[in-house]
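Input: a single structure, listed below in structure tokens.
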Amino acid sequence: MTHEKKTYNVAIAGATGAVGGAMLDVLSRRSFPINELRLLASERSAGKKIIFKGQELKVQQLSTESFQGIDIALFSAGASRSLDFAPAAVASGAVVIDNSSAYRMDNEVPLVVPEVNPHAIAQHSKRGIIANPNCSTIQMLVALKPILDKVGIKRLVISTYQAVSGTGAKAIEELKQQVKNYTDGRELLASVYPHQILFNCLPQIDSFLANGYTKEEMKMVNETRKIFEDDTIGITATAVRVPVFYGHSESVNIETRRKITANEVKELMVNAPGVKLVDNPDKLQYPLATNCEGDFNTLVGRIREDESINNGINLWVVSDNILKGAALNAVQIAETYIADYR
Ligand code: NAP
Ligand code: 12T
């Protein structure tokens, strides 16, 4: 007798976007066990055809009726769509894996990086929703987890250098247009970002809060504490948009609770799940945004002891923000969910 492998009905809300497109790619590359795949987007894209594994699928308009028979709903259509439609997906019997910021800090919604806190997925039953963290948080925590486990973390000082693809398809287009207009000698137009992004570094990602930080910076503070289940870690961040298409880079300064050497950190990184150590200064090799595209791993390098304090380490962390920062992490959550909780 042959046993058929269990398969699932999967919906993608935001299937035509930068993240949604990557979700299709990741589901295919990882041979996720799909029975039916339902592609959802706005009215604008309804009827559009998308090829998945050689099969033509028609995009449907996202509505409260979209989720009949769906087991897993991957949301990547913006926070307001998650707030409007995730409850309907849950009511239809689906588990929602949400890429937006809508539910991340909800006490009844687990916030998960599978390499870091897969056990939190058990909390999915409270609201039927599992949240995917912010892209900058995810890649940082993949690198920090082995250090946390080995010597503890007291404080983090972070600066990010984030790609325009994090903002979505329109921002990728805006940087391309500015490159083209520059080479054609025409005026550069900015509409997605408040200032020209070409040849610039914008110290603003998402909107400003009353404390002078941006929402993106505070996501790194609050999401890290939630995922590490430790509200005592000191965290301060500056999030910067740079004219890079794909790949977020981060400078991470860590004050550890106990001493660890740079060599010991390198050894941890060699064995860390989801990490690729790229740290050969002699050969001018270090993590680069141009080398992370399409890679499921987070690249870690420039590992040094911070000589200004007793227990300090510096890292340079780079990952494909659309993959580990969004689509891959969401699909990994789905894989752990079906393996352990279904
Ligand atoms: P994008 O390229 O702009 O794509 C947006 C997607 O949402 C498109 O498929 C769009 O469909 C759909 N959409 C927009 N308005 C809609 C509506 N009223 N009803 C139904 N669908 C609608 O953006 P993206 O980069 O893929 O990001 C999408 C979302 O993912 C973001 O808003 C954010 O919440 C989340 N995200 C999370 C991370 C993270 O850090 N984990 C990173 C990036 C993005 P149309 O084609 O019909 O317009
Ligand atoms: N503003 O999902 O613009 O919280 O790069 C992700 C990326 C918000 C989020 C960005 C953003 C999120 C960005």
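For ligands, and for the atoms within them, numbers begin at 1 and follow the listed sequence.
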>> If the cut-off is 4.0 Å to any non-hydrogen atom of Asn134, which atoms of ligand 1 fall inside it?
In response: 40 (O)
> Which is closest to atom 19 (N) of ligand 1 by heavy-atom distance: Glu43, Arg81, Gln61?
Replying inline: Arg81
>> For atom 1 (N) of ligand 2, what is the closest protein heavy atom, and at what distance to 0.1 Å?
In response: Asp206 OD2, 3.9 Å
> Which ligand 2 atoms, with their elements, are less than 4.0 angstrom from a heavy-atom of Glu216?
Replying inline: 8 (C), 11 (C)
> Going by an N to O cut-off under 4.0 Å, is there a salt bridge joining Lys266 and Glu264?
Replying inline: no
>> Angle between ring planes, Phe67 versus Phe75, binned at 30° and 60°: parallel, tilted or perpendicular?
In response: parallel
>> Tell me the nearest of His248, Arg104, Arg241, Glu223 to atom 10 (C) of ligand 2, using heavy-atom distances.
In response: Arg241
> Which of the atoms of ligand 1 are close to Gly325, meaning less than 4.0 Å from one of its heavy atoms?
Replying inline: 39 (C), 40 (O), 41 (N)
> Would you say Ser28's side chain and Leu24's backbone share a donor-acceptor pair under 3.5 angstrom?
Replying inline: no
>> Within ligand 1, which atoms have a heavy atom of Arg104 less than 4.0 Å away?
In response: 39 (C), 40 (O), 41 (N)
> Using heavy atoms and a threshold below 4.0 Å, how should the contact between Asn134 and ligand 2 be classified: side chain, backbone, both, or neither?
Replying inline: side chain
> Is Ser101 in polar range of ligand 1, meaning some N or O pair under 3.5 Å apart?
Replying inline: no
> Taking only heavy atoms of Asn132, which atoms of ligand 1 are found under 4.0 Å from at least one of them?
Replying inline: 41 (N)
>> I'd like to know whether Glu174 forms a salt bridge (Lys or Arg N to Asp or Glu O under 4.0 Å) with Lys176, so could you lay out the CA-CA distance, the side-chain angles of the two residues, the decisive distance to 0.1 Å, and finally the verdict.
In response: CA-CA 5 Å; Glu174 180 156 303; Lys176 278 187 189 159; over 6 Å; no
> Got more than 12 heavy atoms from elsewhere within 6.0 Å of CG, Asn107?
Replying inline: no
>> When you measure from the centre of the six-membered ring of Tyr8, is the NZ or CZ of Arg342 closer than 6.0 Å and no more than 45° off the axis?
In response: no
> For the hydrophobic clusters of this structure (ILVMFWY residues joined by side-chain heavy atoms under 4.5 Å, transitively), does one cluster hold both Ile34 and Ile12?
Replying inline: yes
>> So if I count the atoms of ligand 1 from 1 in the order they appear, which ones are less than 4.0 Å from some heavy atom of Ser45?
In response: 45 (P), 46 (O), 47 (O)
> Looking at ligand 1, does any of its N/O atoms fall within less than 3.5 Å of an N/O of Gly166?
Replying inline: no
> Any chance the side chains of Glu229 and Asn117 put a donor and an acceptor closer than 3.5 Å?
Replying inline: no
> Are Arg302 and Asp279 within salt-bridge range, i.e. N to O under 4.0 Å?
Replying inline: no
> How does Lys215 reach ligand 2, if at all, at less than 4.0 Å between non-hydrogen atoms: by side chain, backbone, both, or neither?
Replying inline: neither
> Who's closest to atom 31 (C) of ligand 1 heavy-atom-wise, of Gly78, Cys135, Ser80, Gly17?
Replying inline: Gly78
> Considering only heavy atoms of Pro133, which atoms of ligand 1 have at least one such atom less than 4.0 Å away?
Replying inline: 39 (C), 40 (O), 41 (N)
> For Tyr182, does the OH atom sit with more than 12 other heavy atoms under 6.0 Å from it, leaving out its own atoms?
Replying inline: no
> Should the proximity of Gln139 to ligand 1, defined as any heavy atom under 4.0 Å, be assigned to the side chain, the backbone, both, or neither?
Replying inline: neither
>> Could you work out, for atom 7 (C) of ligand 2, the closest of Ser100, Gly166, Gly325 by heavy-atom distance?
In response: Gly166
> How does Asn99 reach ligand 1, if at all, at less than 4.0 Å between non-hydrogen atoms: by side chain, backbone, both, or neither?
Replying inline: both
> Against heavy atoms of Leu62, which atoms of ligand 1 measure under 4.0 Å?
Replying inline: 20 (C)
> Cation-pi between Lys215 and Tyr213: NZ/CZ under 6.0 Å from ring centre and within 45° of the ring axis?
Replying inline: no
>> Among Ile12, Thr16, Ile322, Ile138, which one puts a heavy atom closest to atom 9 (O) of ligand 1?
In response: Thr16
>> With a heavy-atom distance limit of 4.0 Å, tell me whether Val19 approaches ligand 1 through its side chain, its backbone, both, or neither.
In response: both
>> One thing to verify: whether Lys145 and Asp149 come together as a salt bridge, which I'm taking to mean a side-chain N less than 4.0 angstrom from a carboxylate O.
In response: yes
